[in-house]
Amino acid sequence: MRKITGLLAALTLAASVGLRAQTNELVVQTKKVGAEIQPTMYGLFFEDINYAADGGLYAELVKNRSFEFPQKLMGWKTFGKVLLKDDGPFEKNPHYVRLAYAGHQHKQTGLDNEGFFGIGVKKGQEYRFSVWARIPEGSKPGKIRVELVNTASAGEQQAFAAETLEIDTKEWKKYQVMLRPDVTDAKAVLRIFLAAPQTVDLEHVSLFPADTWKGHENGLRKDLAQALADIKPGIFRFPGGCIVEGTDLATRYDWKKSVGPVENRPLNENRWQYTFSHRFYPDYFQSYGLGFYEFFLLSEEIGAEPLPVLSCGLACQFQNSDADAHVALCDLDEYVRDALDLIEFANGGIDTPWGKVRADMGHPAPFNLKFIGIGNEQWGKEYPEHLEPFVAAIRQAYPELKIVGSSGPDSEGKQFDYLWPEMKRLKADLVDEHFYRPEAWFLSQGARYDNYDREGPKVFAGEYACHGKGKKWNHFHAALLEAAFMTGLERNADIVHMATYAPLFAHVEGWQWRPDMIWYDNLNSVRTVSYHVQQLYATHKGTNILPLTMDKVPVTGAEGQNGLFASAVYDKDAEEYIIKVVNTSDKVQPLTLKFDGLKKKETLSGGRCIKLTSAEPDKDNTLENPSAIVPRESALLVSGQSLNAELEANTFAIYILKK
Ligand code: AHR
């Protein structure tokens, strides 16, 4: 009998050892509430790449509205008697067009604008057409007819919305009228006819949907801004990216040119027009219509801290090996001044010169700027040399401002290893790291931040995305690996204070760089799986880190961890435990989530689980099928102090439990 009992005990032990070998026991230490997760932890990085500003988020529908493209009539088709003139009312945009009688009542004068890949308008919506106009000396009052037309229409009428405007002032004046299309058209043309046998001058020809984000006249496309707000971002970095630097210094992003009356913001080049000759877009420019005021306002409206990044006086180093391309150290003053003035623009009282500019634009209250980035992907000794005077001047004038430096374009290696100590030496508050890397890299970086120096600057994972090897497009598997990698950001939230996926936006007909987070055409937009990953993290970020281990070590996708990555946080406000687990393996993984440290009578309840998965790892959401892969929530049955679950292969799961 004793033998049988002994055998049974041995079998039970063997079975339980076998079971333990199969299940993945993740232990959360509920008593060790750790570092605070910064409100800025998950955010957004905006750059005007892939027609993200003009033709994208910025809701202007007219391309080259001020006739300032190098080819002055690019985007326009003129007919009849149209003359280009250059003594217009706006100093920085002097060109305009003069429309004169075509000479016969059956002949027409006017011009068509092609928009950005066409002009997208929706049935039942209102569109505000506006134009600065006058009648020249000696002319009588004139008239224009403004139409939305479908030039490919097989119907009787090309126009599906039309209005007239009387132009009766000799002084330049802004005229406007609402167009109300009765059809939806993704590729309409804006047509302007001279509608009386007189002469009129037209400048800054503009068409906006009336229904913009928050209703601003110089506004943003509502669906795209809403997608940003829905992430609940903590930080909003702008305006780039490489466009901060410029191909040359003259074409760097110059914030001072991007504020003030929109009609007088000068055109800038956009380097993404020609960066890749295999994806060349000759009509891609920056109107600065979406400028720093609009960026600050958007940050405020989506609840994110603004993080402007300015040129440090180095033009893009990828494009310039010649030292003369950059500002000599002795000539940096103007650039440093730009940074100080920007802080005044954002935070200064209305009695300060730049605070007044902000107030005159409609925002007397300060924007409460807390962070500023100096330099984008810079490298070499030139970078710390250029950064140093900025740090000195900003520290002296605005000691409370946090300065973001850069670790260069690489995720590791020579420049990275050189720049991090330099950033420490200069006492940068945060260091911006970039990684556009393949699957293997993301799988190997679960523990990236575990051994970072806790005394040095904090980390800003400022640009990252999984670029699948041979699959450089949006797809589920890449997003899954981003989710896996992000457990490492979260576990190290004591040192990682900000993270932003990049790039943010792409027009389906105008992209230069993939993958991207949000895609759109002229009418609709789609949130990719990467978007959902970002959103899941940002909306379940909790307030404090909690230690989570398997076999006493963090779950980082290391050898023997069955392709699992995990992190745990506590949300003090909601009193919830939030456990993120990513199964990157091709097998279902049994999980036991064990909550150590709870009092005997404390049990878990109110459980729910959100999962993001797909049977088609190479696919993503599309404009045609925007909800193909979206998070699904279900209730969890929990009792006691642990939870048993099965995590499907290639799945990102968030378990949310209440004490
Ligand atoms: O996000 C696209 C580009 O990638 C950014 O402009 C630059 O910072 C990085 O090289």
Side-chain angles (χ1 to χ4, degrees), residues 22-24 26 227 230-231 437-446 464-488 501 506 508 514-520 524-540 555-557 561-567 578-593 607-637 643-656:
Q22 282 167 17
T23 198
N24 299 278
L26 309 186
D230 288 347
I231 289 232
R437 309 285 277 125
E439 294 90 339
W441 187 90
F442 274 81
L443 283 166
S444 71
Q445 296 295 307
Y464 68 93
C466 177
H467 282 202
K469 200 159 180 232
K471 291 186 193 169
K472 243 174 113 188
W473 60 80
N474 287 88
H475 58 284
F476 170 79
H477 189 238
L480 181 78
L481 299 194
E482 287 153 8
F485 169 74
M486 289 173 78
T487 58
Y501 175 99
V508 288
R514 318 182 277 188
D516 306 289
M517 204 158 90
I518 299 164
W519 287 80
Y520 46 89
N524 299 303
S525 51
V526 53
R527 302 170 179 195
T528 62
V529 187
S530 290
Y531 173 96
H532 290 295
V533 167
Q534 295 297 320
Q535 189 185 38
L536 284 172
Y537 268 91
T539 51
H540 297 89
V555 186
T556 61
Q561 292 191 322
N562 296 325
L564 291 174
F565 293 74
S567 57
I578 304 171
I579 319 300
K580 302 187 181 78
V581 190
V582 185
N583 178 6
T584 62
S585 80
D586 289 331
K587 293 200 182 89
V588 176
Q589 294 295 339
L591 299 180
T592 299
L593 301 184
R608 56 203 171 95
C609 176
I610 303 168
K611 283 186 180 166
L612 187 58
T613 194
S614 170
E616 296 186 287
D618 288 349
K619 295 272 171 61
D620 209 301
N621 299 320
T622 59
L623 284 169
E624 296 69 35
N625 192 1
S627 303
I629 309 169
V630 292
R632 310 256 175 228
E633 185 168 326
S634 59
L636 278 178
L637 280 179
L643 168 77
N644 291 315
E646 294 226 309
L647 184 52
E648 295 79 2
N650 294 308
T651 301
F652 171 29
I654 306 185
Y655 301 94
I656 304 154

Rounded to the nearest 0.5 Å, how far apart are SG of C609 and CD1 of I654?
-> 8.5 Å

Report yes or no: does Q534 contribute a side-chain atom to a donor-acceptor pair with the main-chain N or O of I231 at less than 3.5 Å?
-> no

Note: A653 and K611 closest approach over all heavy atoms is CB-CG, 3.9 Å

Between S614 and E616, which heavy-atom pair has the shortest distance, and what is it?
-> OG-N, 2.9 Å

About how many Å separate CD1 of I579 and OG of S567, when rounded to the nearest 0.5 Å?
-> 8.0 Å

Minimal heavy-atom distance between Y655 and L636, with the atoms involved, is CD2-CD1, 3.8 Å

Is the closest side-chain donor-acceptor distance between E482 and S530 under 3.5 Å?
-> yes

Heavy atoms from other residues, nucleotides or ligands near NZ of K472 exceed 12 (cutoff 6.0 Å) | no

Check the side chains of N650 and D586 for a donor-acceptor pair under 3.5 angstrom, ignoring hydrogens and angles.
-> yes

Roughly how far apart are T584 OG1 and F485 CZ, rounded to 0.5 Å?
-> 14.5 Å

About how many Å separate CG of L481 and CD of Q445, when rounded to the nearest 0.5 Å?
-> 12.0 Å

State, without any angle test, whether N474 and W519 hold a side-chain donor-acceptor pair at a distance under 3.5 Å.
-> yes

Mind listing the closest non-hydrogen atom pair of E439 and G468 along with its distance?
-> OE2-CA, 3.2 Å

Mind listing the closest non-hydrogen atom pair of A566 and L26 along with its distance?
-> CB-CD1, 4.2 Å

Could you state the interatomic distance from CZ (F476) to CG (D618), rounded to the nearest 0.5 Å?
-> 11.0 Å

Are the side chains of Y531 and V526 in touch, meaning some heavy atoms are under 4.5 Å apart?
-> no

Ring centers of Y537, F652 separated by less than 6.0 Å = yes

Test log, rule side chain to side chain contact (heavy atoms under 4.5 Å, CB included), inputs R527 and N621 = CA-CA 7 Å; R527 302 170 179 195; N621 299 320; 5.7 Å; no

Heavy-atom distance under 4.5 Å between the side chains of S585 and N562, does that happen here?
-> no

Side-chain contact test, heavy atoms from C-beta onward, threshold under 4.5 Å: evaluate it for L564 versus L591 and give yes or no.
-> yes

Just by modelled atom types, is the M486 backbone N or O under 3.5 Å from a matching donor or acceptor in the K580 side chain?
-> no

Parallel, tilted or perpendicular: which fits the ring planes of F442 and Y464, with parallel below 30° and perpendicular above 60°?
-> tilted

Give a yes or no on whether the backbone of T651 and the side-chain of N583 come within a donor-acceptor separation of less than 3.5 Å.
-> no

Separation of K471 NZ from C466 SG (nearest 0.5 Å) | 9.5 Å

Audit row: T487, V555, side chain to side chain contact (heavy atoms under 4.5 Å, CB included) steps and yes/no | CA-CA 9 Å; T487 58; V555 186; over 6 Å; no

Within the side chain of T592, is there an N or O that forms a donor-acceptor pair under 3.5 Å with the backbone of N644?
-> no

Tell me, do V581 and Q589 make a side-chain contact under 4.5 Å, heavy atoms counted?
-> no

Looking only at non-hydrogen atoms, find the nearest pair between K619 and I629 and report the distance.
-> O-CD1, 3.6 Å

